[in-house]
Amino acid sequence: PTTVTITNASPGVVTQTGHVYSNGQAVVLSTTGALPSNLVVGTTYYIVNQATNTYELSATVGGASINTGSAGSGTHTATPQWVCPAGVTTAWVTAGAGGGGGGGVASGSGVVAGGGGGGELVIRSRITPVPGTAYTATIGAGGTEGANTGGTGGTGGTTSLGALVSLVGGTGGQGSTAGMSGGAGGTGAENGLGGSGAGSAGGSGGAGVAGLAANLQVQYSTATAGIAAAANTGGGGSGSHGSATVGGAGGSGVIIIQW
């Protein structure tokens with residue numbers, strides 16, 4: 001889920017900085033307070049008139065934009081969904097969970113830290129969706145970088161598609177004060193194991209989703225802060241080396257559906 005703002009206007013305009021949605025993408029809204037009038041929590045809406053950082057909502061694919069009649073209250077979030085098309089009972093999913101963050105190195109220690117593990121991944125895994133059903137897509141966030149106090153990197157977030165797919169994030173690499181071990185990959189059959197720090201280099205990040213950009217291991221850091229994994233790959237961030245350096249953040253996950 002991503003925090004959004006929604007205007008009280010005709011039509012209501014949703015602002016979501018950095019969104020990558022196309023027209024026709026399904027989303028569902030939630031809020032800590034009340035949505036603007038004419039919008040309902042848990043209802044599937046479809047994006048229309050998308051632009052950089054903004055879009056409008058419709059009750060149907062390619063339909064009329066919804067007008068809002070109040071400002072609403074609280075914090076609103078939008079979560080993407082995949083609505084299974086009519087007649088589709090078999091599909092294939094390539095997906096990865098978030099990668100673990102690389103460990104950090106404490107001030108004056110002059111040692112190295114472990115790389116984060118790659119998120120659990122599947123490649124063209126067969127699923128059996130129900131036509132017309134909306135499946136909520138959750139993309140696992142990358143694990144946070146290990147702090148420059150010798151902190152362990154954060155665990156990557158879970159990626160899921162309703163009850164059809166659930167993938168576990170990679171664990172964080174250990175910091176310089178905790179043994180320098182690499183973080184474990186996600187628990188599935190395919191994942192990347194983070195490298196342990198050794199010699200004068202921090203551990204490499206675990207591999208992410210094969211066939212996507214930056215699917216290979218993130219290269220280790222030899223002098224300064226760890227290297228962050230690319231977004232939407234599920235790769236682990238590399239561990240750092242030196243004094244008072246942070247690890248690399250893990251890469252966020254991804255979901256690709258084919259039918």
Legend entry - Partners passing side chain to side chain contact (heavy atoms under 4.5 Å, CB included) against T77 (at least two apart in sequence or in another chain): P1, T3, S30

Inset, instruction - Return the minimal non-hydrogen interatomic distance between H76 and A71, and the atom names on each side. - result: NE2-O, 4.4 Å

Legend entry - Minimum side-chain heavy-atom gap T138-T136 below 4.5 Å: yes

Inset, instruction - Taking atom types as modelled, find out whether N49 and E56 have a side-chain donor-acceptor pair closer than 3.5 angstrom. - result: yes

Legend entry - Backbone N/O of A106 and side chain of T149: donor-acceptor pair under 3.5 Å: no

Tabulate below the donor-acceptor pairs under 3.5 Å that side-chain atoms of residues 158-167 make, not counting sequence neighbours, or state none.
unit_1, atom_1, unit_2, atom_2, d
T159, OG1, G96, O, 2.9
T159, OG1, G140, N, 2.8

Inset, instruction - Flag yes if Y135 and I127 sit in one hydrophobic cluster, no otherwise; membership is Ile, Leu, Val, Met, Phe, Trp, Tyr, and two members link when side-chain heavy atoms are under 4.5 Å apart. - result: yes

Legend entry - Shared hydrophobic cluster for W82 and I139 (ILVMFWY, side-chain gaps under 4.5 Å): yes

Inset, instruction - Each residue besides V27 in its hydrophobic cluster should be listed here, by chain and number; the cluster joins Ile, Leu, Val, Met, Phe, Trp and Tyr at side-chain heavy-atom distances under 4.5 Å. - result: V4, I6, V14, Y21, L29, L35, L39, V40, V41, Y45, I47, Y55, L57, I66

Inset, instruction - Would you kindly check if the NZ (Lys) or CZ (Arg) of R124 is within the cone defined by 45 degrees around the ring axis of W92 and under 6.0 Å from the six-membered ring centre? - result: yes

Inset, instruction - Looking only at non-hydrogen atoms, find the nearest pair between P129 and A91 and report the distance. - result: CD-N, 4.1 Å

Inset, instruction - Check whether any side-chain heavy atom of Q50 sits under 4.5 Å from a side-chain heavy atom of Q25, and report yes or no. - result: no

Legend entry - Heavy-atom pair with the smallest gap, counting every atom of A64 and S58: O-OG, 3.1 Å

Inset, instruction - Would you please say whether a donor-acceptor pair under 3.5 Å links the side chains of T152 and Q174? - result: no

Inset, instruction - Could you tell me whether a side-chain N or O of N53 sits under 3.5 Å from a main-chain N or O of T15, the two making a donor and an acceptor? - result: no

Inset, instruction - Indicate yes or no: at least one non-hydrogen side-chain atom of V88 is less than 4.5 angstrom from one of T90. - result: no

Inset, instruction - Measure across I255 and A137 and return the closest heavy-atom pair with its distance rounded to 0.1 Å. - result: CD1-CB, 4.1 Å

